[in-house]
There are 2 protein chains.
Amino acid sequence: MEKNRKLNSLRMQEKEARRNLIIDAAERIFAEKPFDRVSVRDIAREAGISHALIYRHFPDQQSLFVEAFLRGAEKIIRFLGELIDEKKTVSIEKVTERFISYLIENDSYFRMMTHFMLDGSLGAGLIERLNTAERALLDQLDRLFIRLKAKGDVRMLSHAYFAAMNGVLITFRNYPGRSGGEVKRHMIRIGKIIAQRFRV
Amino acid sequence: MEKNRKLNSLRMQEKEARRNLIIDAAERIFAEKPFDRVSVRDIAREAGISHALIYRHFPDQQSLFVEAFLRGAEKIIRFLGELIDEKKTVSIEKVTERFISYLIENDSYFRMMTHFMLDGSLGAGLIERLNTAERALLDQLDRLFIRLKAKGDVRMLSHAYFAAMNGVLITFRNYPGRSGGEVKRHMIRIGKIIAQRFRV
DNA sequence: TGTACATCAGTGAACGCGCGTTCACTGATGTAC
DNA sequence: TGTACATCAGTGAACGCGCGTTCACTGATGTAC
C-alpha cells in the first residue's frame, strides 16, 4: 500500500518531467521562429518524441502554447520586479529602456502575448490563466508608480503605461529600411517620450 | 485608331470596376468575421464570382488584403483629419475619445493593421504602401499637435501618441468578463489618461 | 455579309500542402495468483 | 518461480480539412480579310 503510493507518485513525477521537457522544447522553438509558424510537429521533433505523444500531455495545441507562454511571462514579470527593486531611486526612463530592450530580446513571447490578446477564440480557462499573468505584471508596475509617489489611481496608471509600451513594440516593429539596432533605438526613444509624461 | 483607343480605355475601366467590386466584397467580409479567418473563397462568394477570377485581378491573396485595408485606412485618416479641423479649439481628450470609438467600430481594419505590423513576411512593395498610409495618419496627428502648440519634436509626439493608442486598443480588447460597452469605456478612460499627458 | 482567327474574362475541377488530431498497435513493466 | 493478464507510455500511419493557387477549358466579343 505504502509502496504502491510511492510508485504512483514516482510515475506522476515522471509524467510531470516529460511534460516539462515538451514545454522546454516549445520554448526553444519559439525562440527560433515566428510563433505562428510553429507546429506541433516542430516541437515534437525538437523534444525527440513522436508528435502523437504531445496529445498524451496536452489536450490540444493551444493549451501547450499557453503553457509555454506563461513560462516566458513569468520570466518577464520577474525581470520587471527585479528592475524596479534594483536601486534606491528608480527612474521610469531607465525602467522603460530596460523593459523595452528585454521585450525586444524575447520577441517571441511578446508576439505570443499580442496574438493571445487579438485572438477571440480562447477557452475561458486559458483566458483566466493569461489574465492572472497580466495582473501579476500590472502589480509590479503598481509598485513602480507607488515608489515614484504617483498621484491618482495607480492601477489605471499601470494600465496606461503597459498599454502604451505594448503599442510602441507593435507599431515600430517593421519600421521600413531600418536595421534592428535602429528600430530598437527608436522604440526606446518613443518609449521614453511616453514614460517622461508619466513622471509628473 | 481613335475608336480603338476608346474601346481599350473602356475595357480598362471595366477591369478597374471589377477590381473594385472585389475589394468592396472583401470589405464587407472583413466587417463580418475576423480577418485571419477570411479566405479567397469567402470573398469570391460574396462578390458572386469564381474564386479563380480573383487571381486575374490580384497576384495573390496578400495583395488583395492590403488593397482592401488601404481603403479602410484612408477612411480612418479622413475621419481623423476632419475631427481635428472640426472646431476652432481642439481638445486632445475629445479627439482621443472619438478616435478610439471609431477604431473600435471599424475593428477589422484595426486588426488588419496590427496583423501587418506583426507580420514579417510582407513584400517590399506592400510594406511601402502601408507606410505611406501610416505617414499620412501621422501627418494628421502632427497637425493636431501643432494646433495644440506642442513644444519639441512634433513628429515624435505623433509617433508616441499613435503607438500608445494602438497599445490601448490591443491590450484591453479581451478584457475578461466585460461587455463590449465596458471594454470601450475602459479603453477611452485609459486613452484619455495617456492623452492628458500629451497636453503639457 | 460571311468566315476564320485572336483575345480575354470567366469558370469548375484539381493540385498539393501542411496542419491538428486520432487510431490501432507495440512493448515494456507491474500485478495477481 | 512461473504464468496470465492489465496498464500505459509511446509510436507511425492515416484521416480529414481548408486553404492558396493553377490548369485546361468555354464562350462571348472583336478583328481582318
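What's counted below: heavy atoms across the whole structure, side chains too, no hydrogens, waters or symmetry copies. All values derive from a computational prediction rather than experimental measurement. In what follows, chains are A, B, ... by sequence order, proteins preceding strands, each numbered from 1.
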(request) Specify the separation, in whole Å, of atom CD of Gln13(A) and atom P of dC8(D). (result) 17 Å
(request) Could you tell me the separation between the NZ atom of Lys33(B) and the P atom of dG18(D), rounded to a whole number of Å? (result) 11 Å
(request) Mark yes or no for whether Asn131(A), through its side chain, and Ile127(A), through its backbone, hold a donor-acceptor pair below 3.5 Å. (result) yes
(message) Just N and O in the side chain of Arg18(B): are any of them under 4.0 Å from OP1 or OP2 of dG10(C)?
(response) yes
(request) Give me the ring orientation class for Tyr175(B) and His186(B): parallel if the planes are under 30° apart, tilted from 30 to 60°, perpendicular past 60°. (result) perpendicular
(request) Might you confirm whether atom CD of Glu86(A) has over 12 heavy atoms from other residues, nucleotides or ligands at distances under 6.0 Å? (result) yes
(request) Round to the nearest Å and state the distance from Arg37(A) atom CZ to dC19(D) atom C1'. (result) 16 Å
(message) I want to confirm an ordering. Mapping Asp42(B) and His57(A) to their closest nucleotides on DNA chain D, which one lands closer to the 5' end?
(response) His57(A)
(message) What is the separation between atom CD1 on Ile49(A) and atom P on dG10(D), rounded to the nearest whole Å?
(response) 8 Å
(message) Side chain of Tyr55(B) only, heavy atoms from C-beta on: which candidate in dT11(D), dT21(D), dT11(C) is closest?
(response) dT21(D)
(request) Between Arg56(A) and Arg41(A), just flag the one whose closest nucleotide in DNA chain C comes earlier from the 5' side. (result) Arg41(A)
(message) What's the closest nucleotide to the side chain of Leu53(B) if the choices are dT11(C), dT22(C), dG10(D)?
(response) dT11(C)
(request) Can you tell me the pairing partner of dC33(D) across any strand shown, Watson-Crick or G-U wobble, with both distances under 3.5 angstrom? (result) dG2(C)
(message) For Glu32(B), is there an ion pair with Arg37(B) - N to carboxylate O distance below 4.0 angstrom?
(response) no
(request) Record whether the side chain of His51(B) comes under 3.5 Å of the base of dT11(C) through a donor-acceptor pair of N or O atoms. (result) no
(request) Return the value, rounded to whole Å, for the distance between atom CG of Leu21(A) and atom C1' of dG10(D). (result) 14 Å
(message) Applying the Watson-Crick and G-U wobble criteria at under 3.5 Å, what pairs with dG16(D)? Answer none if nothing qualifies.
(response) dC19(C)
(request) Measure from CZ on Arg19(A) to C1' on dG10(D) and round the result to the nearest Å. (result) 18 Å
(request) Rounded to the nearest angstrom, tell me the gap between atom CZ in Arg45(A) and atom P in dG18(C). (result) 11 Å
(request) Please report, rounded to the nearest Å, how far the P atom of dT22(D) is from the CD1 atom of Ile54(B). (result) 13 Å
(request) Using a strict cut-off of less than 4.0 Å between a Lys/Arg side-chain nitrogen and an Asp/Glu carboxylate oxygen, indicate whether Arg189(B) and Asp153(A) qualify as a salt bridge. (result) yes
(request) Return the nucleotide paired to dA24(C): Watson-Crick means purine N1 to pyrimidine N3 with N6-O4 or O6-N4, wobble means G-U with N1-O2 and O6-N3, both under 3.5 Å. (result) dT11(D)
